[in-house]
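These notes are about the structure you will find just below.
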Amino acid sequence: MDVRGVDFSGSAAPGRDVWLADGRLDGDRLEVTACRPAAEAFGATARSPVLSALGDALRNRPGTTGLDVSFGLPAALLPAAVDDWGDAVAWFRAEFDGADADGMRETLKDRAREREGDGVELKRRTDRAVRANSPYSFITYYQTLYGLRELLAPLVADGAVSVPPMQPAGERTVLEVYPAGTLRRLETVDEGYKEPTDEAAAARAEILAALETASGLEVAVAEPVRERAVADDGGDALDSVVAAVAAARAAAREFEPPTPFDPREGCIYV
DNA sequence: TATGACCGCTACTGTCCTTT
DNA sequence: AAAGGACAGTAGCGGTCATA
């Protein structure tokens with residue numbers, strides 16, 4: 001089975017921030033064969049053409065892809081009429097049609113404040129389980145808006161992809177992943193590896209070694225991929241490889257959910 | 001109780017290089 | 001010589017949680 005990992009970005013020109021890793025899973029053996037930024041994969045740098053090309057890839061290529069984006073919102077912020085994940089994604093797309101990232105964030109924060117006590121940046125069950133940020137925290141809100149509204153929602157609406165564990169896996173399967181959570185599961189370095197220092201480069205090399213020895217799969221990272229993942233000091237190249245490993249692990253375990261989750265919210269595969 | 005780190009974005013700065 | 005574009009680097013944003 002072909003396996004891919006995507007390190008996503010919601011920036012205005014994400015050609016060098018979105019990275020894609022390609023791999024091949026045979027039984028319990030994963031080989032990560034390629035890794036490159038969106039600009040190289042698609043020949044585009046602006047948001048619209050990059051997301052469009054990425055959507056086409058997910059729509060057309062068989063296999064399993066791990067995508068580093070929140071696939072939903074905390075159930076407390078969904079309308080009562082939304083009772084499954086497909087509805088939640090369709091609702092999000094319609095609710096924030098035309099909204100900018102700041103507008104979406106303020107709307108969700110206001111809605112959270114109207115509720116008694118809970119705080120402002122609410123989390124999903126799966127976010128709590130892997131210690132992820134809220135889907136609309138200042139770190140994540142661009143990713144959530146553009147990843148969910150522009151990329152995932154149209155594919156889900158068309159039935160072009162399957163999204164476990166809410167839906168059974170299919171010919172083209174897309175999963176939510178969270179590289180920092182995968183690093184924690186592997187008990188390896190999970191911070192200080194996204195800096196332009198020698199120490200951070202050493203940390204990236206250590207993470208690659210941990211992926212190969214401790215992931216529960218037999219993982220082989222091709223030498224050119226290893227070089228890029230160590231050299232890219234933003235950590236985006238490495239995160240795409242981690243995303244591919246998480247996707248492969250999920251596939252090897254037949255997409256059994258790794259965390260408790262609310263079926264309206266989504267579930268992170270670590 | 002205080003601090004620092006975090007799936008990262010935009011806006012602004014300064015530098016270098018090109019064009020007029 | 002001055003102006004302007006391309007680009008890299010940095011500050012600021014700002015809520016929560018783990019650690020000290």
Side-chain angles (χ1 to χ4, degrees), chain A residues 5-21 37-39 45-47 50-51 65-74 76-77 99-113 115 117-124 126-152 175-197 199-200 203-204 207 229 232-247 259 265-270:
Chain A
V6 178
D7 183 58
F8 192 72
S9 162
S11 71
R16 286 184 298 183
D17 303 317
V18 171
W19 280 71
L20 301 92
T45 56
R47 177 187 287 143
V50 166
L51 295 192
T65 303
L67 180 63
D68 172 23
V69 166
S70 286
F71 280 22
L73 294 179
L77 301 181
D100 64 14
D102 288 328
M104 177 205 76
R105 181 158 190 250
E106 286 310 314
T107 298
L108 293 173
K109 284 167 69 175
D110 286 346
R111 203 166 296 174
R113 287 190 190 100
R115 302 178 54 80
D118 296 339
V120 177
E121 293 188 353
L122 306 185
K123 292 184 176 185
R124 300 172 296 162
T126 192
D127 294 324
R128 286 209 176 278
V130 304
R131 288 163 41 198
N133 286 305
S134 164
Y136 53 94
S137 83
F138 80 98
I139 297 279
T140 58
Y141 66 124
Y142 280 86
Q143 263 168 274
T144 301
L145 179 64
Y146 293 105
L148 195 47
R149 183 183 68 186
E150 311 287 317
L151 184 61
L152 194 60
L175 304 171
E176 178 173 353
V177 298
Y178 177 57
T182 297
L183 300 183
R184 284 178 206 134
R185 177 177 63 74
L186 296 175
E187 298 182 328
T188 182
V189 183
D190 71 337
E191 56 184 48
Y193 67 96
K194 298 184 176 186
E195 291 161 31
T197 62
E199 291 77 19
R204 292 193 291 277
I207 288 167
D232 173 44
D233 59 27
D236 297 328
L238 177 59
D239 279 351
S240 72
V241 174
V242 176
V245 169
T259 75
E265 295 178 333
C267 181
I268 297 168
Y269 286 87
V270 289

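These numbers were taken from a predicted model, which means no experiment stands behind them.
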Between [atom2] of [N] and [atom1] of [X], the distance in whole Å:
| X | N | atom1 | atom2 | result |
| --- | --- | --- | --- | --- |
| A/W19 | B/dC7 | CH2 | P | 18 Å |
| A/F138 | B/dC7 | CZ | C1' | 11 Å |
| A/Q143 | B/dC9 | CD | P | 6 Å |
| A/I139 | C/dC13 | CD1 | C1' | 10 Å |
| A/R128 | C/dC17 | CZ | C1' | 10 Å |
| A/Y193 | B/dG8 | OH | C1' | 12 Å |
| A/R105 | C/dG15 | CZ | P | 7 Å |
| A/Y142 | C/dC13 | OH | P | 14 Å |

**Study point:** Partner set under side chain to side chain contact (heavy atoms under 4.5 Å, CB included) for A/I139, not counting sequence neighbours
**Key:**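 In terms of side chain to side chain contact (heavy atoms under 4.5 Å, CB included), with neighbours along the sequence ignored, A/I139 is linked to A/N133, A/S137.
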Point to revise | Under the side chain to side chain contact (heavy atoms under 4.5 Å, CB included) test, residues paired with A/E176 that sit two or more places apart | key: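 A/E176: side chain to side chain contact (heavy atoms under 4.5 Å, CB included) contacts with A/S70, A/F71, A/R124, A/I268.
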Salt bridge between [X] and [Y], side-chain N to carboxylate O under 4.0 Å?
| X | Y | value |
| --- | --- | --- |
| A/K123 | A/E265 | no |
| A/D102 | A/R105 | no |
| A/D239 | A/K194 | yes |

Review point. Can you tell me which stems DNA chain C forms when a stem means 3 or more consecutive Watson-Crick or G-U pairs under 3.5 Å?
Key: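 As far as DNA chain C goes, consecutive pairing (with distances under 3.5 Å) yields the stems B:1-6 with C:15-20, B:8-20 with C:1-13.
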Review point. When you match A/R16 and A/E106 each to their closest nucleotide on DNA chain C, which lands nearer the 5' end?
Key: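 Comparing both residues, the 5'-ward one is A/R16.
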Practice item. Could you tell me whether the phosphate oxygens of C/dT16, OP1 or OP2, come under 4.0 Å of any side-chain nitrogen or oxygen in A/K123? Key: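 It does not, given that no N or O in the side chain of A/K123 lies less than 4.0 Å from OP1 or OP2 of C/dT16.
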Exercise for review: Begin from the C-alpha positions of A/M104 and A/T107 and carry the test side-chain contact (heavy atoms from CB on, under 4.5 Å) through to its verdict.
Suggested key: CA-CA 5 Å; A/M104 177 205 76; A/T107 298; 5.8 Å; no
Check your understanding: Looking across every strand, which nucleic acid part, if any, lies under 4.0 Å from A/R184 by heavy atom: base, sugar-phosphate, or nothing?
Key ->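 Here A/R184 touches no strand at all.
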Check your understanding: When rounded to the nearest Å, what value does the distance between P atoms of C/dA11 and B/dG4 take?
Key ->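 Here C/dA11 and B/dG4 have their P atoms 16 Å from each other.
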**Study point:** A/L122 backbone acceptor or donor facing A/S134 side chain under 3.5 Å
**Key:**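 Yes; judged by distance alone, with no hydrogens or angles, the pair exists.
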